[in-house]
Amino acid sequence: MIKHPFSQLARRTADPPISWLMKMALERPGLISLAAGFTDDLTLPVTESREFLQEILASPSVARAALQYGTTAGDQHLREVSAARLHQQDGPGAPSEQYQPERLLITHGSQQLLYLVTECLCDPGDIVLVEDPTYFVYLGILQSHGLEARGVRMEEDGLDLSHLEQVLERLREKDQLRRLKFLYLVSYFQNPTGITTSLEKKKSILDLLRQFEKAAGHPIYLLEDAAYRDLQFSGRSQPSCLAAPGAEQRVIYAGTYSKPFATGIRVGYGLLPESLLQVALRVKANHDFGTSNLLQQILLKALSSHRYEDHLEVLRKRYRKKAGMMLEAIEAHFPAEAKWVTPEGGLYVWVRLSRQARTGVKSPLFQWALENNVLYVPGELCYAPDPTRRPPRNEMRLSFGSAHDPDIREGIKRLGQALRKITL
Ligand SMILES: Cc1ncc(COP(=O)(O)O)c(C=O)c1O
């Protein structure tokens, strides 16, 4: 038996569920995947991307620049356009010094930003607060780095502030605040629940974190993951945490063009407090010394020609329709005890079943669904392994992102049949 000299990080890193969920969705013909967060195939910007590529490659000098390495921080023009767009989204009341392009870093999807920030702020044994439930792929990053995740309960409009205070108080009592580095918040149409945190709540969260900084002996950051912000079905999105008082030194904003444009053109960005940005740039330089320049140029073309915004309108309508279709099917086929959050954007519907129903990977429901070619994300994957509480086991995340319309209806119908069979 060979003993491999793997690092502690390698040995700690469990097989991320995202890998097998995505693999299964791609490799099993006939499978209706309501699981992994793929986006809608039919609305991917094929024409736009072809035209942008042709434009970029038409001029030899532009083409050569795009086919060359860029800088670690990313294309200057893309940073400017991204910072200005973010300021515009947050509204004229938001302080303009927050949105300087110099504070913005282009990354390979927002996933890379999440990884970088965690790597820059945390050592093994440190603590990160997460929503309960949260984006399960992020839990993998925490687990891999040997970090402790503490779950903070959620309400219909975001984090439960009194529970956040309790968790912080408990950390203070146990003298563990020094190990607490930040709170990770998926603030718009959260993955997995679809819930959006209001600006008022964001302000209160920042205030609360500040109150415990003295005891922590360092700033406690707020990492705002706005991955689904652009996918609001209608109207304008609420301002981000960057618009809250005191955000400048505390808020880390992770944005992305991946879900709202093309997941295959994986460009994201982060807006960071100055001191943290410098460290993140050094670490990113060691990772890849810059995000693919060609992909950045495609995005830049999309953003500066307004075709990004035009495409968004198409996407928003499409996802609103698909969400409606999924909700109608749930209403028609799921048992009466099922409860769900009606999303106003994003890609997900979070369903809570009756107490005795089990949704986990080993549950008869999951196995029956798989045998009948339907895949969902078991809710328990989205809860941090927090020894201070037992997570619910009767929830599921359903995505209306990639499945075609008839498959959404059929998939939910089959799940409904499975639920009746198993809970009878
Ligand atoms: C909450 C959340 N954050 C970040 C990401 C990463 O997206 P990307 O790296 O494509 O920007 C995802 C992807 O599913 C997500 O759901």
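Quick note: numbers below take in every heavy atom, side chains included, and nothing from hydrogens, waters or symmetry partners.
Applying the side chain to side chain contact (heavy atoms under 4.5 Å, CB included) test between Val267 and each of Leu78, Asp75, Thr107 identifies Leu78 as the sole match.
Side-chain atoms of Leu327 and Pro343, non-hydrogen and from C-beta on, do get closer than 4.5 Å to each other. Residues Phe136 and Pro192 have side chains not in contact (no heavy-atom distance under 4.5 Å, counting atoms from C-beta outward). Using a 4.5 Å cut-off on side-chain heavy atoms (C-beta onward), Arg85 and Asp230 make contact.
With sequence neighbours excluded, the residues satisfying side chain to side chain contact (heavy atoms under 4.5 Å, CB included) with Arg393 are Arg358, Glu380, Arg390. The side chain to side chain donor-acceptor pair (under 3.5 Å) check on Asn293 picks up Gln297, with sequence neighbours excluded. Taking the side chain to side chain contact (heavy atoms under 4.5 Å, CB included) definition, one finds that Ala94 meets it with His87, Asp90, Tyr99, Ala243, sequence neighbours left out. Residues meeting the side chain to side chain donor-acceptor pair (under 3.5 Å) test with Arg389, sequence neighbours left out: Asp132. In terms of the side chain to side chain contact (heavy atoms under 4.5 Å, CB included) criterion, residue partners of Lys321 (sequence neighbours excluded) are, by chain and number, Arg318, Met325, Asp405. In terms of the side chain to side chain contact (heavy atoms under 4.5 Å, CB included) criterion, residue partners of Arg307 (sequence neighbours excluded) are, by chain and number, Glu48, Glu51, Phe52, Ser305, Asp310. Residues satisfying the side chain to side chain donor-acceptor pair (under 3.5 Å) test with Gln232, not counting sequence neighbours, are none. Shown here are the salt bridge (charged side-chain N to carboxylate O under 4.0 Å, His left out) partners of Lys413, two or more places apart in sequence or in another chain: there are none. Under the rule for a side chain to side chain donor-acceptor pair (under 3.5 Å), the partners of Lys181 that lie at least two apart in sequence or sit in another chain are Asp126.
With hydrogens and angles ignored, the 3.5 Å screen pairs a side-chain donor or acceptor of Tyr376 with a backbone N or O of Thr359.
For residues 319-340, the set of pairs meeting the ring-ring contact (aromatic ring centres under 6.0 Å, His included) definition, not counting sequence neighbours, is empty. For the ring-ring contact (aromatic ring centres under 6.0 Å, His included) condition, the pairs that include at least one residue of residues 226-248, sequence neighbours left out, are Tyr228-Tyr348.
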Anything under 3.5 Å between a donor and an acceptor, one on a side chain of residues 268-280, the other on a protein residue two or more places apart or in another chain? List them.
{"residue": "Glu274", "atom": "OE2", "partner": "Gln278", "partner atom": "NE2", "Å": "2.9"}

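With salt bridges taken as basic N to acidic carboxylate O contacts below 4.0 Å, none links Glu313 and Lys317.
Gln88 CD: 12 or fewer foreign heavy atoms inside a 6.0 Å radius.
Taking the six-membered ring where tryptophan is involved, the planes of Tyr257 and Tyr308 are perpendicular, since the angle between them exceeds 60° and thus also 30°. Classification of the Tyr383-Trp350 ring pair by plane angle, with boundaries at 30° and 60°, yields tilted.
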